[in-house]
Amino acid sequence: MKILITNDDGIYSPGLAALSEVAATLGDVRVVAPHVEMSSAAHSITSARPLTYKRTPIPGIEAYRVNGTPADCVAVGIYQWKDAEIVLSGINLGSNLGNSLWPSGTVAAARQAALMGLRGIALSTPAVGEETDFSALKPWVTRVLKFLLPISGLPLINVNFPSSLPRGVRWTRQSVRHYDGKIVPGKDPLGRQHFWFTVTPVEEIEQGTDRWAVEQGYVSLTPVRLDLTDDVHLSQTEAIHSPAELSFA
Ligand code: MN
């Protein structure tokens, strides 16, 4: 299996190195990742300037850095490696749960793969302390990938590891009940006001969701859709508010 690996933390992230090492035991690996950190870049693409694709020395791995977003990396990576079959994105230093799926560059890279007809798997782990212990996590990454890779028909999967060693794996749905974005004001060294976009803990975690699973110590596996259409409201609203009433005659 030909596995393209990317992330949004940048090509020198230890999470990318850990994922590459695991993936190299499962197939042929090539890394194409952003040259700098692009966390929270969401699914942005670079359209106003050209992209570069430069070889980067990572021992034992064919790796390239791109001066663009995670989605750019996947598009350029697939262009350069037409045999690529699957894209793994991560392992992100920080969970991607619930509403984080909107700004996440990690998930966007996997989604870009799915939009291009390949499978995409995003992987994230909580960023705890100074350094995440990937040596302890790697056997679980291997286990999860060996479980997911043979499952065809799922174009996009969002994987989140818990903060301690997992007690198992659960299929979940995205938690959406609360929005956890919060603006915190502050002052810079010259006394000028600025603002940080940050997150606060979310209350009332619904059972069966991604947040619930990782809080319970499980690895969360969420199949993510590409079609954002709100089917329920579409059929309800269409029945009540018919656009046929609009006449331009
Ligand atoms: Mn990140």
Side-chain angles (χ1 to χ4, degrees), residues 3-23 29 31-46 51 56 58 61 63-77 86-115 120-134 136-138 140-141 144-145 156-163 174-175 179-184 196-202 210-211 214 219-222 224:
I3 305 170
L4 182 66
I5 296 189
T6 192
N7 72 352
D8 77 355
D9 292 334
I11 193 151
Y12 300 110
S13 167
L16 181 87
L19 180 58
S20 304
E21 284 169 34
V22 169
V29 166
V31 168
V32 180
H35 68 153
V36 293
E37 179 169 354
M38 297 296 290
S39 289
S40 300
H43 208 128
S44 56
I45 54 170
T46 302
L51 296 167
T56 295
I58 294 181
I61 293 169
Y64 301 86
R65 64 188 188 276
V66 172
N67 60 340
T69 66
D72 291 333
C73 290
V74 171
V76 175
I86 189 164
V87 173
L88 305 181
S89 177
I91 301 167
N92 189 61
L93 298 172
S95 300
N96 277 305
L97 303 164
N99 292 301
S100 295
L101 269 70
W102 292 104
S104 171
T106 307
V107 175
R111 189 192 297 116
Q112 180 66 32
L115 291 173
I121 302 177
L123 303 103
S124 305
T125 189
V128 274
E130 284 289 297
E131 226 170 281
T132 304
D133 183 5
F134 283 107
L137 191 62
K138 274 199 281 187
W140 278 94
V141 178
V144 165
L145 288 177
L156 180 55
I157 306 173
N158 185 35
V159 179
N160 277 274
F161 294 95
S163 54
Q174 179 191 9
S175 58
Y179 186 59
D180 58 2
K182 189 187 175 195
I183 294 295
V184 176
W196 280 99
F197 195 116
T198 183
V199 292
T200 51
V202 177
D210 48 9
R211 281 188 197 284
V214 298
V219 181
S220 166
L221 311 178
T222 309
V224 179

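Numbering of ligands and ligand atoms starts at 1, following listing order. Model, not experiment: these values are computed from the prediction.
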_My understanding is that only residues two or more places apart in sequence, or in another chain, count here; which of them pass side chain to side chain donor-acceptor pair (under 3.5 Å) with Thr69?_
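Thr69 satisfies side chain to side chain donor-acceptor pair (under 3.5 Å) with Asp72 once adjacent residues are dropped.
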
*asked:* Please tell me whether Asp210 and Ser220 have a donor and an acceptor in their side chains that are separated by less than 3.5 angstrom.
replied: no

*Does one side chain, of Thr106 or Asn92, offer a donor that lies under 3.5 Å from an acceptor on the other?*
yes

Would you mind reporting whether [Y] and [X] have side-chain heavy atoms less than 4.5 Å apart?
{"X": "Val219", "Y": "Trp140", "answer": "yes"}
{"X": "Leu4", "Y": "Ile86", "answer": "no"}
{"X": "Val74", "Y": "Val32", "answer": "no"}

*Listing residue and atom name, which protein N/O/S atoms are closer to the Mn ion (ligand 1) than 2.8 Å?*
Asp8 OD1, Asp9 OD1, Ser39 OG, Asn92 OD1

